[in-house]
Protein chains: 2
Amino acid sequence: MYSVHETTASILQALKEAGYKFTGKRRAVVDLFVENRDRYFSAKEVYDHVSQIYPSVSFDTIYRTLGILVEQNVIEPMEFADDRARYRLQCARGHHHHLVCLRCGASIPIEECPIDRIRQQVPNFHIEDHRLEIYGYCDRCAGGADN
Amino acid sequence: MYSVHETTASILQALKEAGYKFTGKRRAVVDLFVENRDRYFSAKEVYDHVSQIYPSVSFDTIYRTLGILVEQNVIEPMEFADDRARYRLQCARGHHHHLVCLRCGASIPIEECPIDRIRQQVPNFHIEDHRLEIYGYCDRCAGGADN
DNA sequence: ACCCAAATCGGAATCGTTCTGATTTGAGAG
DNA sequence: CTCTCAAATCAGAACGATTCCGATTTGGGT
């Protein structure tokens with residue numbers, strides 16, 4: 001069910017099986033995510049990318065496509081602090097969190113998740129969901145060599 | 001500097017010292033937070049409260065006041081998943097996170113914070129900030145008895 | 001080649017938030 | 001107590017991200 005897609009083709013295949021049609025615009029959106037595996041993109045950034053190929057594309061199409069991709073577990077959304085939703089190709093592994101570079105947008109998965117520990121500590125609270133986001137600068141962006 | 005305010009009076013005093021004027025509308029906003037210490041309120045909810053007392057209050061005033069209170073460390077903002085900013089009286093204790101009830105908006109502080117552990121695991125990533133938010137339902141809202 | 005639901009378009013609508021220009025008001029100085 | 005002026009406020013327009021709508025186009029099965 002939650003197969004992780006490695007190529008644009010396998011993703012488009014999955015969409016087809018889910019009853020969605022194949023279109024050039026959808027391919028353009030999927031391509032962007034596949035070719036930038038660890039990057040988050042805002043809807044605007046996706047729009048800019050697609051409109052280079054299809055100048056007449058509308059935001060409606062972008063948002064609709066993003067919605068489908070989220071629904072199909074191809075990409076995952078995240079709310080950045082700047083209140084624009086961003087999306088990124090779904091990671092291979094199960095539940096985990098990320099270090100997000102504030103400069104280049106790279107996301108680096110980490111193992112640590114505190115939710116089990118917390119769940120034990122507060123048996124009376126019915127936890128439904130949680131978000132852990134860690135912001136900073138990756139080694140490359142932190143200022144050249146070491147910093 | 002980061003004194004924690006226990007009363008409306010001490011907050012208004014702090015605002016005065018920061019060069020802000022005292023107005024009834026500001027008092028109404030501060031009152032709401034002080035009288036509901038562990039609750040998050042959206043700008044709309046604050047507006048609704050203030051407009052009961054001052055029917056002509058505008059959103060501009062609400063947002064301006066919220067901005068000042070955040071700047072003065074009287075309240076702290078949080079972005080809920082429903083993409084409306086919410087605010088709550090600044091907590092007394094140092095850094096910590098909360099369980100947030102999706103129904104009533106109550107926020108329950110917890111001790112657990114995974115950031116030190118994570119910092120050790122990724123020495124090459126320069127962590128600047130992080131957010132951990134846990135959503136669910138408090139005992140009271142979880143559906144009466146148990147659910 | 002034909003058909004129809006799905007996809008797309010462009011533009012309007014919505015929602016939370018911010019800005020603008022004109023008017024009012026808190027509070028210090030006289 | 002009045003004068004004064006920057007700060008505060010107001011009403012409404014503007015804004016940016018996202019969604020909706022009616023009309024048109026198109027992928028892909030028959």
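What's counted below: heavy atoms across the whole structure, side chains too, no hydrogens, waters or symmetry copies.
When the P atom of D:dA11 is taken as reference, atom CD1 of B:I62 falls 12 Å away, rounded to whole Å. Whole-Å rounding puts the B:I68 CD1 to C:dG26 C1' distance at 14 Å. We find that CG of B:L66 is positioned 15 Å from P of C:dG16, with the value rounded to whole Å. Atom CZ of B:R27 and atom P of C:dT25 are 18 Å apart (whole Å). Separating the CD atom of B:E45 from the P atom of C:dC15 is a distance of 16 Å, rounded to the nearest angstrom.
The shortest distance between side-chain heavy atoms of A:C138 and A:L99 does not fall below 4.5 Å.
If you look at B:F59 and B:Y47, their ring centroids are closer than 6.0 Å.
Minimum interatomic distance between B:F125 and A:V100 (heavy atoms only, all atoms of both residues): CZ-O, 3.5 Å. In terms of heavy atoms, B:A28 sits closest to B:Y54 at CB-CE1, 4.4 Å. Minimum interatomic distance between A:R39 and A:R88 (heavy atoms only, all atoms of both residues): O-CG, 2.9 Å.
Defined by atom type and a distance below 3.5 Å, a donor-acceptor pair is missing between the side-chain atoms of A:D38 and A:S107. Defined by atom type and a distance below 3.5 Å, a donor-acceptor pair is present between the side-chain atoms of B:E71 and B:Y20.
Nucleic acid contact class of B:R26 (heavy atoms, under 4.0 Å, all strands): sugar-phosphate only. Among the protein residues, B:K44 comes within range of no part of the nucleic acid, since none of its heavy atoms lies under 4.0 Å from any strand. Residue B:S56 is in sugar-phosphate contact alone, with no base atom involved, counting any heavy-atom pair closer than 4.0 Å across all strands shown.
Checking C:dT18, D:dA11, D:dT18 against the side-chain heavy atoms of A:F59 singles out D:dT18 as nearest. Each of D:dT9, C:dC9, C:dT18 was ranked by its minimum atom distance to the side chain of B:T61; first place goes to D:dT9. Here the nucleotide nearest the side chain of B:Y63, chosen from D:dC10, C:dT17, D:dT18, is C:dT17.
In terms of phosphate contacts, B:R64 brings a side-chain nitrogen or oxygen within less than 4.0 Å of OP1 or OP2 of D:dT9.
Across its full length, the helix from C:dA1-D:dT30 to C:dG30-D:dC1 shows an angle of 20° between the axes of its 5 terminal pairs at either end, rounded to 10 degrees.
Classification of the B:Y40-B:H98 ring pair by plane angle, with boundaries at 30° and 60°, yields perpendicular.
Classification of A:E112 and B:R119 as a salt-bridged pair fails, no side-chain N sitting under 4.0 Å from a carboxylate O.
Sorted by residue number, the list of members of residues 46-54 of chain B with any non-hydrogen atom under 4.0 Å from DNA chain D is empty.
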Step by step, work out the ring pair (Phe, Tyr, Trp, His ring centres under 6.0 Å) result for B:H97 and A:H130. CA-CA 11 Å; B:H97 303 284; A:H130 70 287; over 10 Å; no
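Annotation: A:R27, atom CZ; neighbour count of heavy atoms from other residues, nucleotides and ligands within 6.0 Å does not exceed 12.
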Which letters describe nucleotides 21-30 of chain D, given B = protein heavy atom under 4.0 Å from base, S = only from sugar-phosphate, - = neither? B-----BS--
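Just one of A:V74, A:T61, A:I75 meets the side chain to side chain contact (heavy atoms under 4.5 Å, CB included) condition when paired with A:L66; it is A:I75.
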